[in-house]
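Below, all heavy atoms of this structure are taken into account, side chains as well, without hydrogens, waters or symmetry copies.
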Amino acid sequence: MIPFRSPHFLAFAALLLAAAPHRGWAQRTGGKIEDAEIEIVKERVNELPEATRNFDKIRIEAPAKQTQKPAYTYPDYRLPADLLNPSVRVLTIRQEELAPQTGNYVKGAIGNYGTLYGKAYLHNTRSTAGSYGLDFSHISSANGPVDKRNSGSSQTSLGLNGETYNGPVTIGGKLAFGRDRYNFYGYNQETSRLPPDADSIKQTFTRVAAKVYVRNRAADAPFQFDLGIGYNFWKDRFAARENNIYATLRSGYALGEKGRVAINGDVSFISQKDSFGTVSRPFVQFTPAYEVTLNRLAVSIGATIGYTGDTVGTASQFNVYPAVRLGYTVAEDKFVVFGGLGGGLQRVTLYDLTTENPWLGSNQRVADTHRGPTLYFGFNSTPVRSLELNAKVTLSNDRNLYFYNNAGYLSPGSLNNPLYRGDSTRFNLVYDKKATQLLNIHGEAIYDATEQFRIGFKADYNGYKVHSLAKAFHRPAFQSTLFASYNMYSKLLLGAELYTYSSSYGTGFQYQPQTVTFREVIRPTDSVIDLNLRADYRILEKLSIFALGNNLLGRKYERFLNYPVKGFNVLAGVTYDF
């Protein structure tokens, strides 16, 4: 036992004893510190039970870091075919099945405007040996927005496909047939005494597409490739024909865990024939590049070398553009920024143009678009689960970028003074004599939490600076799409789409009685607001009914000048799975 008499030392000891397991005495409030004795037992040992150490029994390995470079694509803005006339668009809402499909289904529906719709999807079930199938689609409207049958239309397509899996290699083929019928109903109804005969304004397109391909299925193979060879045939009701033999190659060879060499190429030979004669349009383009991933930074350095045989305008036939792309991962799986410098030739065919604008006139001079040099930058983001945010800004310098303008023609007046008359029913491809500067701003937000609910918004702004043309004819500056779908208890599927297009410009023709001629007048087209709704209800396991409401606001807007679309129209039908 050790006595301590100092008051200061006693106060310090009292603080220590407040945390000790044995008893002590605290200072009395308002009094003075008394003399006291403290007993310290040195032999006492505090023993604690042994802790259970089980945190090493389960080991969770960290996921392997992905070294593969994110893939970016920068497609040209093209007017989608199903937006040219939304009143005949069917099932553009993302297809979601109310229950697992057995592999095949057929659909059938009827609607106002004398509309008939049918679709068949016939494919084999999942197999490790191969796959094959048939797709058939048809939609037709006996009547339209102008003079009933004079503005009717129909689209029919049949596709066959099959592929076989032979070890690490997939070999496959596709064959497609299509026939589309339209009418040139954009005539001036005020000056025509009677509507023209339906057969005189009829236009039909026949399409045939065949392709065989071979690709590597082994994801771990150092050499990856996808080689395709195909043939496209197109013709209209008149003298126009187009034959296109083409080949595509997408390949890459890994040099290690972080680097690879990529070579992509396209070859096409087109023979185009019309009443003016036959034109040959060769096309060759390939892009070699070296790609490397350095931790968070993905780099691709290469060049695009292309040649086109087109002689429209003053654009060079041989072109070389840089192909540089940088991508930096700011946050793993959450935020990636990218940018680059590029360019290249973009193949343009009558096969594709007539799906964008089916009212093209005869004897069109088609030219490939020279896009470049092009500067782009943007980001891809997934800030939270199920939410995607993407944005991109593109600045490009384009030559032979096509525009659609209303056509005109010469009619006999006198031998030396023919009369220029406007033709409001057909469109010509027109090009700026100088390069067209384009600013494109693209943004999208998509929320896809579960299979039950999905909502998204996409928007594009396109600023065209033309020089020799009065306007950027029939290319709207702004377009947007708001879409959503909801699957209720796997019985009822609801969907909605809202499309908007800003006004663009076309050319009207005003009669001049003093000179007995017509003069061109620039006219704006309508702004487009198009609302579509859809509902699918499953009655039985294999039987469901559906209804589609298109252009529910009932606006007969003109996406192309003088061509109003159908107003409010509805389809109702049945789907059978088997």
Side-chain angles (χ1 to χ4, degrees), residues 63-76 128-131 161-174 211-230 245-269 282-308 318-329 332-333 336-347 371-378 380 392:
K65 187 175 180 179
Q66 299 294 329
T67 59
Q68 183 177 2
K69 180 186 67 59
Y72 305 105
T73 59
Y74 310 96
D76 181 24
T128 58
S131 65
N161 64 83
E163 59 183 27
T164 178
Y165 313 130
N166 185 11
V169 176
T170 297
I171 301 175
K174 298 179 180 180
K211 181 181 179 180
V212 294
Y213 57 87
V214 56
R215 64 171 66 105
N216 193 348
R217 303 177 57 232
D220 57 347
F223 180 57
Q224 298 290 328
F225 65 91
D226 188 340
L227 174 64
I229 300 175
I245 302 175
Y246 67 91
T248 61
L249 173 65
R250 303 293 180 264
S251 66
Y253 184 79
L255 301 177
E257 295 183 357
K258 296 184 177 181
R260 70 192 291 261
V261 174
I263 299 179
N264 300 327
D266 296 273
V267 178
S268 172
F269 182 83
F283 173 93
V284 179
Q285 182 168 262
F286 64 96
T287 303
Y290 174 70
E291 302 171 353
V292 63
T293 301
L294 306 172
N295 294 326
R296 294 175 177 264
L297 181 64
V299 181
S300 176
I301 301 176
T304 299
I305 305 169
Y307 169 82
T308 176
F318 180 78
N319 300 268
V320 179
Y321 299 102
V324 179
R325 183 174 66 247
L326 303 176
Y328 182 76
T329 303
E332 192 75 26
D333 298 327
V336 176
V337 295
F338 61 86
L341 184 65
L345 299 174
Q346 296 179 350
R347 194 55 154 162
R371 166 145 293 184
T374 300
L375 174 67
Y376 58 86
F377 54 89
N380 299 322
K392 184 179 68 173

- Would you sort out whether Arg325 and Glu291 count as a side chain to side chain contact (heavy atoms under 4.5 Å, CB included), showing the intermediate values? CA-CA 9 Å; Arg325 183 174 66 247; Glu291 302 171 353; 4.0 Å; yes
- Task: Go through the steps for Tyr321 and Thr287 under the test side chain to side chain contact (heavy atoms under 4.5 Å, CB included), then give the verdict.
- Result: CA-CA 9 Å; Tyr321 299 102; Thr287 303; over 6 Å; no
- Starting from the C-alpha separation in whole Å, work towards a yes-or-no answer on side chain to side chain contact (heavy atoms under 4.5 Å, CB included) for Ile305 and Tyr307. CA-CA 7 Å; Ile305 305 169; Tyr307 169 82; over 6 Å; no
- Query: Under the side chain to side chain contact (heavy atoms under 4.5 Å, CB included) criterion, do Arg296 and Val336 qualify, and how do the steps go?
  - Reply: CA-CA 9 Å; Arg296 294 175 177 264; Val336 176; over 6 Å; no
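Interatomic distance, Ile263 CD1 to Tyr253 OH, rounded to the nearest 0.5 Å: 12.5 Å. In this structure, Asn295 CG and Lys258 NZ are separated by 5.0 Å, a value rounded to the nearest 0.5 Å. Between Ile171 atom CD1 and Arg215 atom CZ the span is 11.5 Å, to the nearest 0.5 Å. Here OH of Tyr213 is found 12.5 Å from CG of Leu227. Values are rounded to the nearest 0.5 Å. The line from CG of Leu255 to OH of Tyr290 is 6.0 Å long, rounded to the nearest 0.5 Å. Residue Leu249 holds its CG atom at 7.0 Å from CG of Asn264, rounded to the nearest 0.5 Å.
Side-chain atoms of Gln285 come within 3.5 Å of backbone N or O of Leu345 as a donor-acceptor pair.
Residues Arg250 and Asp266 have side chains in contact (heavy-atom distance under 4.5 Å, counting atoms from C-beta outward).
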